[in-house]
Novice: 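This is the structure I want to talk about, given as structure tokens.
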Amino acid sequence: MSDQNYGTGETVAPLSANADGPVLSTPQTLSGIFFEPGPVFESFRSRPRFLVAALIITLAITTFQFLFIQRVGYENIARAQMESRAPDMDPAQREQVIEQQSGPFFKALAYLTPLIGVCLIFLIGGALYLLGTLAMGKSINYRQALAVWAYSSLPPSLLIMLA
């Protein structure tokens, strides 16, 4: 097979004899997922990678969470949650609960929750893609499904974080 250009301005290396799809570099994969996702997903047949996309999404969501807490204030967030969850609570009790939730443990939990949540979402999303593909009678492994999930989540995640 000859070299192919997938709109990234770079030439793709020729396919090896055992590869099922094009072999793209990480920069080609990251740019291609926004402009020409077809070749990117085809490349996951021979070389499924998900770590770079997962790290970018995790970094974006964690940064958003950090900036949101810094901008709004953790105590204001805790107060709004308490007022919406228990509007009939005695004001003295509410202040006591807000003071407890403003402690270092709950603050650390607020900053770490996105990391744990994103990891779980990736694991579950990859499993759902795997099950969906297998239900359609196609052959795929978990790493390929996880790579498809991670890279298909990258553009909307970044756009949502920027918006």
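All residue numbers in this chain count up from 1 along the given sequence. Note: hydrogens, waters and symmetry copies are ignored here, and every other heavy atom, side chains too, is used.
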Novice: Within the side chain of Ser84, is there an N or O that forms a donor-acceptor pair under 3.5 Å with the backbone of Gln81?
Specialist: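 Yes; at least one donor-acceptor contact below 3.5 Å.
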Novice: Do Val23 and Ser43 have side-chain heavy atoms sitting under 4.5 Å apart?
Specialist: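 Side-chain contact under 4.5 Å: no.
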Novice: Should Leu55 and Phe122 be counted in the same cluster of Ile, Leu, Val, Met, Phe, Trp and Tyr side chains packed under 4.5 Å apart?
Specialist: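 Not linked; separate clusters.
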Novice: Say whether Ser25 and Gln28, considering side chains only, have a donor N or O and an acceptor N or O under 3.5 Å apart.
Specialist: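 Side chains of Ser25 and Gln28: pair found under 3.5 Å.
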Novice: Tell me every residue that passes side chain to side chain contact (heavy atoms under 4.5 Å, CB included) with Tyr111, counting only those two or more places apart in sequence or in another chain.
Specialist: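 Partners of Tyr111 by the side chain to side chain contact (heavy atoms under 4.5 Å, CB included) criterion, ordered by chain and then number, come out as Phe66, Ile69, Gln70.
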Novice: Counting N and O atoms only, with roles assigned by atom type, does the side chain of Gln144 sit under 3.5 Å from a partner on the main chain of Arg45, one being a donor and the other an acceptor?
Specialist: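 Yes: the side chain of Gln144 pairs with the backbone of Arg45.
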Novice: For Tyr129, which of Phe44, Trp149, Phe41 qualifies under ring-ring contact (aromatic ring centres under 6.0 Å, His included)?
Specialist: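 Per the ring-ring contact (aromatic ring centres under 6.0 Å, His included) rule, the option paired with Tyr129 is Trp149, out of Phe44, Trp149, Phe41.
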Novice: Just so I know, are the side chains of Arg143 and Arg49 near enough to count as touching, which here means a heavy-atom distance under 4.5 Å?
Specialist: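 No; the side chains remain at least 4.5 Å from each other.
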Novice: Would you sort out whether Glu83 and Arg94 count as a side-chain contact (heavy atoms from CB on, under 4.5 Å), showing the intermediate values?
Specialist: CA-CA 8 Å; Glu83 289 174 1; Arg94 182 181 301 146; 4.0 Å; yes
Novice: Taking only residues two or more places apart in sequence or in another chain, which ones pass side chain to side chain contact (heavy atoms under 4.5 Å, CB included) with Asp88?
Specialist: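 By the side chain to side chain contact (heavy atoms under 4.5 Å, CB included) rule, Asp88 matches no residue at all.
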Novice: Go through the steps to decide whether Leu158 and Phe34 satisfy the test side-chain contact (heavy atoms from CB on, under 4.5 Å), and finish with yes or no.
Specialist: CA-CA 11 Å; Leu158 292 181; Phe34 288 95; 3.8 Å; yes
Novice: Find out whether Ile57 and Ser153 are in side-chain contact, i.e. whether some heavy atom of one side chain is under 4.5 Å from a heavy atom of the other.
Specialist: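 Yes. Closest side-chain heavy atoms under 4.5 Å.
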Novice: For the pair Leu30 and Ile56, evaluate side-chain contact (heavy atoms from CB on, under 4.5 Å) and give the outcome as yes or no after the intermediate values.
Specialist: CA-CA 10 Å; Leu30 288 173; Ile56 291 171; 3.9 Å; yes
Novice: Dump the intermediate steps for side-chain contact (heavy atoms from CB on, under 4.5 Å) on Leu146 and Tyr151, then the final yes or no.
Specialist: CA-CA 9 Å; Leu146 187 57; Tyr151 275 94; over 6 Å; no
Novice: Side chain to side chain donor-acceptor pair (under 3.5 Å) with Glu75: which residues, sequence neighbours excluded?
Specialist: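 Side chain to side chain donor-acceptor pair (under 3.5 Å) list for Glu75, sorted by chain: Arg79.
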Novice: Membership question, hydrophobic clusters at under 4.5 Å side-chain separation (ILVMFWY): are Ile124 and Leu130 in the same one?
Specialist: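 The answer is no; the residues belong to distinct hydrophobic clusters.
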Novice: Would a hydrophobic clustering, with Ile, Leu, Val, Met, Phe, Trp and Tyr connected at side-chain separations under 4.5 Å, put Ile121 with Leu128?
Specialist: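 No.
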